[in-house]
Amino acid sequence: MSKGLPKRSENYSEWYNELVKKADLAENSAVRGCMVIKPYGFAIWEKMQQELDRMFKETGHQNAYFPLFVPKSLFEAEEQNAEGFAKECAVVTHYRLTNDPDNKSKLIVDPKARLEEELVVRPTSEAVIWNTYKNWIQSYRDLPLLINQWANVVRWEMRTRLFLRTAEFLWQEGHTAHATKDEAITETKQMLDVYAQFVEEFMGVKVLKGQKTESEKFAGAVDTLCIEAMMQDGKALQAGTSHFLGQNFAEAFDVKFSNNEGKLEYVWGTSWGVSTRLMGALIMAHSDDQGLVLPPKLAPIQVVIVPIFKGDDQLKQISEKADTITKELRSKGISVKYDDRSTHKPGWKFAEYELKGVPLRIAIGPKDMENGTVELARRDTKEKTVLQLEEAVAKIPELLETMQAEIFNRSKEFTSSNTHETDSWDEFKDIIENKGGFVSAHWDGTAETEDKIKELTKATIRCIPFDGDKTSGKCILTGNPSSQRVIFAKAY
RNA sequence: CGGGGUGUAGCACAGUCCGGUUAGUGUACCUGGUUUGGGACCAGGGGGUCGCAGGUUCGAAUCCUGCCACCCCGACCA
């Protein structure tokens, strides 16, 4: 492991790229735009999955799995959706390779093995799933249908960045069908709340809930709700979306049900997803120039114990203490690692675990053995205290909770102190260009104005916030009437 | 997909302009020893299709052509 990370203040994006690699989260692969998620990074993703999966199940959803490939004819059935993704689809056209007649050691795509119908590698699964739902739904008694799947999807991106935008990524996609419009809308909101709760409570990242504008919404949806988070460089990151699909997919795939009066109606749909992009949000929201800062609830290792010793005898004594601490903490459900390697010096280990964002570090050395103490260090504040061993162990569960809460509070304060309200176009431009963060401003509601603002400032409307200022005013750009403020920002 | 840059040991780089012994440095790695309260030190050692494929040449990391990958800036997007 080489020393040092670029400074956030000097080059934020380089800092991010290096951090992802040096903290062993992920790396680029031999495949363009696709990443290898390394064990430590995947451990964090697994923790996210675990919590989300629990929350989905608590709200009545079941997991299932649908195919990776979508026949082109199915894919194009819902036109808006198909058009929205057409430009970034990987397509399977052949099913066999064969030896190159000109060079026996090489393989070529067998021209005789062309598929009759091309298969689209799913950029999202609405098409296959709704095509299946057609067979699953006959009566109102089959509704609601509440399904989630954990899967990989492919979107052929021009420019990729580890976790934030990769050609293949992992996500979950919920797809539900309902008898009434109201029920589907309620589901859409409920799942947005689940996401917001997860991101705030477990990831410790403050989010803003709102609705996407017409031009930013999911192709094929009636409405798209979203949560937006602010990164340390002031840019916005869309952390999750929940779509009210109306009857668009039901009509496209002919999914009807008999209501309790025996009349046929189209079902109402929703879909919602979060992806490995959340890893990017987690990294960018809290980490510093020393490395990752992980909220305790998602840290694969919550406490690391580092012995400081001379010789085997001393190590043996310290190890006995460490074992006691480990057992006691584990019995409280805390994950602990004891790093007794003699191949690295303590200072090296300190730096290493800071890079990897381990929330708490316990150091035990000869002085501690004499005094019955340990040194306890917090990753987020770098605060170090020497405590009696029993006191330290007793304090840790509570301290982890405190850290979790404080990490969230810092994110919350950062977001609010970097959210500015303005009615002046000059000030708007100045904030977007020089300060960054969110800008709350009036907008006349037209796509033309939205585009124009994007062209002039690179800022987009991140959302029409639910709990924003609902008073009317004049559009920041055109001066036309506006019914409420919306949130502008530069975005990832 | 456009503009720019980079590809040499696990990683970070020098060497390339101006072709010429055995391709070098730091770090990491292996062995032995001394060390251990914030990224240890000494000694010895191993590791290279110089991104890939062609070409020019007596001779190519170096020159030419094509391709691939990655990074930065744009357009597109979760």
Side-chain angles (χ1 to χ4, degrees), chain A residues 1-6 11-14 16-18 21-22 24 27-35 84-89 103 106 123-124 153-173 195 212 215-219 224 226-229 236-243 271-281 290-291 306-312 314-315 318 340-355 361-371 373-375 377 382 384 386 454-455 458 460 462 491-492:
Chain A
M1 189 60 55
S2 56
K3 299 182 198 179
L5 220 47
N11 189 340
Y12 192 81
S13 88
E14 199 188 332
Y16 173 82
N17 292 338
E18 286 301 309
K21 286 180 215 161
K22 291 202 163 129
D24 260 339
E27 61 189 32
N28 288 303
S29 68
V31 192
R32 175 184 220 135
C34 295
M35 64 178 160
F85 286 108
K87 293 185 301 265
E88 44 190 346
C89 286
N103 185 346
K106 301 282 182 182
T124 179
V153 288
V154 170
R155 295 180 189 174
W156 214 258
E157 298 291 348
M158 298 294 181
R159 241 182 104 188
T160 59
R161 293 187 75 189
L162 295 172
F163 291 121
L164 296 175
R165 177 167 299 110
T166 46
E168 179 194 18
F169 58 90
L170 304 184
W171 77 343
Q172 58 67 219
E173 46 181 326
Y195 288 155
K212 285 291 183 195
S215 46
E216 293 272 334
K217 77 173 193 195
F218 175 67
T224 291
C226 63
I227 48 173
E228 294 283 328
L237 185 99
Q238 180 174 304
T241 47
S242 183
H243 315 289
S271 68
W272 27 275
V274 294
S275 71
T276 35
R277 183 178 234 205
L278 286 179
M279 291 286 294
Q290 273 66 49
V306 177
I308 296 156
F309 60 95
K310 289 181 193 171
D312 287 347
Q314 219 171 58
L315 175 61
I318 294 171
D340 63 351
R341 288 178 296 175
S342 55
T343 50
H344 295 283
K345 290 188 70 176
W348 190 93
K349 294 179 189 174
F350 291 176
E352 176 72 5
Y353 292 109
E354 276 165 12
L355 182 61
R361 179 184 75 227
I362 295 174
I364 313 174
K367 281 185 231 157
D368 297 306
M369 293 301 283
E370 275 174 37
N371 305 329
T373 55
V374 296
E375 183 195 78
K382 312 223 176 66
K384 288 195 270 195
V386 175
K454 184 179 177 183
E455 192 190 315
K458 296 193 177 109
T460 51
R462 301 321 303 155
Y492 274 99

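Just so we're on the same page: letters track the sequence lines, and every chain starts at 1.
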**OP:** Using a 4.0 Å heavy-atom cut-off across all strands, classify Gln238(A) as base, sugar-phosphate, or nothing.
**Re:** sugar-phosphate
Subject >> Inter-nucleotide C1' distance (U65(B), C1(B)), Å rounded >> reply: 23 Å
Subject >> Under the side-chain hydrogen bond (donor to acceptor under 3.5 Å, both in side chains) test, residues paired with Asn11(A) that sit two or more places apart >> reply: Glu14(A)
Original post:
Picking from A75(B), U36(B), C72(B), which would you name as closest to the side chain of Lys458(A)?
Top reply: A75(B)
Subject >> Distance below 4.0 Å between Asn17(A) side-chain N/O and C70(B) OP1 or OP2 >> reply: no
Original post:
Gly33(A) near the nucleic acid: base, sugar-phosphate alone, or nothing, with a heavy-atom cut-off under 4.0 Å?
Top reply: sugar-phosphate
Subject >> Identified pairing partner of G66(B), criterion: Watson-Crick or G-U wobble below 3.5 Å >> reply: C52(B)
Subject >> Ion pair Glu354(A)/Lys382(A), N-O distance below 4.0 Å >> reply: no
Subject >> From G37(B), G39(B), C70(B), nucleotide with atom closest to Ala351(A) side chain >> reply: G39(B)
Original post:
Mind checking the P distance from G54(B) to C13(B)? Whole angstroms is fine.
Top reply: 29 Å
Original post:
Has Trp156(A) got more than 12 heavy atoms of other residues, nucleotides or ligands less than 6.0 Å from its CH2?
Top reply: no
Subject >> Whole-angstrom distance between U8(B) and G48(B), as gauged at atom P >> reply: 15 Å
Original post:
Partner of A9(B) by Watson-Crick or G-U wobble geometry, both contacts under 3.5 Å, or none?
Top reply: none
Subject >> Interatomic distance, Trp348(A) CH2 vs U35(B) C1' [rounded to whole Å] >> reply: 17 Å
Original post:
Can you tell me how far P in A14(B) sits from the matching atom in G2(B), rounded to whole Å?
Top reply: 28 Å
Original post:
What nucleic acid atoms does Arg341(A) come within less than 4.0 Å of, heavy atoms only: base, sugar-phosphate, or nothing?
Top reply: nothing
**OP:** For Lys384(A), report the nucleic acid contact type (base, sugar-phosphate, nothing); a contact means any heavy atom under 4.0 Å.
**Re:** base
Original post:
So among Glu173(A), His243(A), Gln172(A), which one has a side chain to side chain contact (heavy atoms under 4.5 Å, CB included) with Trp272(A)?
Top reply: Gln172(A)
Original post:
Heavy atoms under 4.0 Å, any strand shown: does Thr166(A) hit a base, just sugar-phosphate, or nothing?
Top reply: base
Original post:
Which part of the nucleic acid does Asp368(A) contact within heavy-atom distance under 4.0 Å: base, sugar-phosphate only, or nothing?
Top reply: base
**OP:** Would you please classify the geometry between the Trp348(A) ring and the His344(A) ring as parallel, tilted or perpendicular, with 30° and 60° separating the classes?
**Re:** parallel
Original post:
C11(B) P sits how many Å from Glu352(A) CD, rounded?
Top reply: 17 Å
Original post:
Counting any heavy atom closer than 4.0 Å, what does Leu164(A) reach on the DNA or RNA strands: base, sugar-phosphate only, or nothing?
Top reply: base
**OP:** Figure out the CE/P separation between Met158(A) and C70(B), and round it to whole Å.
**Re:** 14 Å
Subject >> Nucleotide A12(B), atom C1' - distance to NZ of Lys22(A) in whole Å >> reply: 9 Å
**OP:** Write down the distance separating the C1' atoms in G19(B) and A60(B), rounded off to the nearest Å.
**Re:** 6 Å
Original post:
Does any nucleotide pair with C76(B) by Watson-Crick or G-U wobble geometry, both distances under 3.5 Å, and what is it?
Top reply: none
Original post:
For C72(B), does either OP1 or OP2 sit under 4.0 Å from a side-chain N or O belonging to Asn11(A)?
Top reply: no
Subject >> G47(B) to C58(B) separation - P atoms, rounded to the nearest Å >> reply: 33 Å
Original post:
Does the side chain of Lys454(A) get closer than 4.0 angstrom to OP1 or OP2 of C76(B) through an N or O atom?
Top reply: yes
Original post:
Is there a Watson-Crick or G-U wobble partner for C29(B) with both distances under 3.5 Å, and which nucleotide is it?
Top reply: G45(B)
Subject >> Between G37(B) (P) and Asn371(A) (CG): distance, integer Å >> reply: 17 Å
Original post:
Pro366(A) or Phe85(A): which one's nearest nucleotide on RNA chain B is closer to the 5' end?
Top reply: Pro366(A)
**OP:** Whole angstrom is fine here: how far is it from NZ in Lys345(A) over to P in U34(B)?
**Re:** 15 Å
Original post:
Taking atom C1' in both A53(B) and A61(B), what distance in whole Å separates the two?
Top reply: 16 Å
Subject >> Atom C1', compared across A12(B) and A43(B): separation rounded to whole Å >> reply: 25 Å
Original post:
Out of C76(B), C72(B), G37(B), which nucleotide sits closest to the side chain of Glu375(A)?
Top reply: G37(B)
Subject >> Rounded interatomic separation in angstrom, taking CG from Leu355(A) and C1' from G39(B) >> reply: 11 Å
Subject >> Partner nucleotide, any strand, of G39(B) [Watson-Crick/G-U, under 3.5 Å] >> reply: none
**OP:** Report the nucleotide, chosen from C76(B), G39(B), U36(B), that has the shortest atom-to-atom distance to any side-chain atom of Ile308(A).
**Re:** U36(B)
**OP:** Looking at every strand, decide which applies to Phe218(A) at a 4.0 Å heavy-atom threshold: base, sugar-phosphate, or nothing.
**Re:** nothing
Original post:
Heavy atoms, side chains only, cut-off 4.5 Å: are Ile308(A) and Lys367(A) in contact?
Top reply: no
Subject >> Side chain proximity check, Phe309(A) to Asp340(A), heavy atoms < 4.5 angstrom >> reply: no
**OP:** Measure the shortest side-chain to side-chain distance between Thr241(A) and Phe218(A) over non-hydrogen atoms and say whether it is less than 4.5 angstrom.
**Re:** no
**OP:** Just call it for Glu14(A): base, sugar-phosphate, or nothing, with non-hydrogen atoms closer than 4.0 Å on any strand.
**Re:** nothing
**OP:** Mind calculating the distance between CZ (Arg159(A)) and C1' (C76(B)) to the nearest angstrom?
**Re:** 11 Å
Original post:
5'-most contact on RNA chain B: Gly311(A) or Tyr492(A), nearest heavy atom basis?
Top reply: Gly311(A)
